[in-house]
**Q** 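Take a look at the following structure, please.
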Number of protein chains: 2
Amino acid sequence: MENNCIFIEKLRSSGLRPTKQRIKICKLLFDRKKTFHFTINDLSKILNKEIRQKVSLATIYNTIHSFKKKGYLKEISVNKDKSYFDTNTSNHHHFLDMNTNELIDLKSEDVHNIKIKKRIPGKKINSIEVLVKIENSN
Amino acid sequence: MENNCIFIEKLRSSGLRPTKQRIKICKLLFDRKKTFHFTINDLSKILNKEIRQKVSLATIYNTIHSFKKKGYLKEISVNKDKSYFDTNTSNHHHFLDMNTNELIDLKSEDVHNIKIKKRIPGKKINSIEVLVKIENSN
DNA sequence: ACACTACTTTAGAATCATTATAAATTAGAA
DNA sequence: TTCTAATTTATAATGATTCTAAAGTAGTGT
């Protein structure tokens, strides 16, 4: 219970009321050591595994979008079927395992020296995203 | 009319019957100097601008998928709303203009020195895709 | 030219992720 | 406690894509 204080504070300081649904989602997403990659569907399944306190799909969408807007989550465009989200909001890249459809983080340092030689007049670079597709090497 | 011969041959040699719908789509996609980026919706609008010979949505999807499978088109994951296709099937990257949602080709040479330091055991790299998001620099 | 069969096209239905809606619930302030 | 605005929720709506099954067409053999 005391653990939730961090999340309650986090939510409150972002102008989001700390409802039990949001706290539950916070715990699931942010109370972990390693980066977590997920789809809304994944999240819904995990959240609603225990029947006692279900969170509706609409709330999951709302909450994830709020979190993204606040910068707590990154959205990753991998394929058009589903949206992937990433709890690692730092500047980094990804492996995509074509066999399992799993995302794996690549630290910024793991991809060195990305230099873009071409420029578009009147435009500035906002971000550079690298997706490395991998597959079984058998 | 004679122009179509190229496309008829191309289709035939790929085991695709040269129907008038496919030829029409071929002309639209491949009879141009510059790379063409499009969504199915774009294509449908252009194809069906003239009312005389409409091509159904289902046929457009079928044809584009066939072309992709044959390697005549590349599919690009930019955002989950829509699928983008690219008539440039060579190894290259993209700018994505966040203001207009437009894709712009980046030659392979325009992005130099992509080296991935990390490896995943049992996996080999299939492709490396770089997406450079740009926006108005006003 | 004719007939046959497999390939294509097509309209419309089905699907699936996501968003909108509107009513019921809840948090925080007075 | 009471009030109001924020939130949750079930359900409907949307929009891209896929499926389906019937009608049309290309290519082969006659």
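Quick note on labels: first sequence line is chain A, next is B, and so on, each numbered from 1.
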**Q** Going by distance alone, is a donor N or O of one side chain under 3.5 Å from an acceptor N or O of the other, for B/N88 and B/H37?
**A** no

**Q** Could you check A/D42 against A/T39 for side chain to side chain donor-acceptor pair (under 3.5 Å), going step by step and ending with a plain yes or no?
**A** CA-CA 5 Å; A/D42 296 337; A/T39 65; 3.1 Å; yes

**Q** Could you tell me whether A/K10 sits above the aromatic face of A/F30, with NZ or CZ closer than 6.0 angstrom to the six-membered ring centre and within 45 degrees of the axis?
**A** yes

**Q** Ignoring hydrogens and geometry beyond distance, is a side-chain donor-acceptor pair present between B/N41 and B/S44 at under 3.5 Å?
**A** no

**Q** Please report, rounded to the nearest Å, how far the P atom of D/dA6 is from the CG atom of A/L11.
**A** 16 Å

**Q** Should B/K117 and A/E109 count as an ion pair when the cut-off is N to O under 4.0 Å?
**A** no

**Q** In this structure, how many angstroms lie between the P atom of D/dT17 and the CG atom of B/D42, rounded?
**A** 11 Å

**Q** Write down the distance between CD1 (A/I8) and P (C/dA27), rounded to a whole number of angstrom.
**A** 11 Å

**Q** Looking at B/K54, I want to see if its NZ is surrounded by more than 12 non-hydrogen atoms of other residues, nucleotides or ligands under 6.0 Å.
**A** yes

**Q** Scan A/T35, A/D86, A/L96 and name whichever one has a side-chain contact (heavy atoms from CB on, under 4.5 Å) with A/L103.
**A** A/L96

**Q** How would nucleotides 3-20 of chain C be written as a contact map, 5' to 3', with B for base contact, S for sugar-phosphate-only contact and - for no contact, using protein heavy atoms under 4.0 Å?
**A** ---BBSBBB-----SBB-

**Q** With a 3.5 Å distance limit and no angle check, can you tell me whether A/K118 reaches the backbone of B/D105 through a side-chain donor-acceptor pair?
**A** yes

**Q** Using whole Å, what does the distance between atom P of nucleotide D/dA6 and atom CZ of A/R12 come to?
**A** 16 Å

**Q** Between the axis at one end of the helix from C/dA1-D/dT30 to C/dA30-D/dT1 and the axis at the other (five pairs apiece), what's the angle to 10 degrees?
**A** 20°

**Q** Expressed as a whole number of angstroms, how long is the span from B/E9:CD to D/dG27:P?
**A** 11 Å

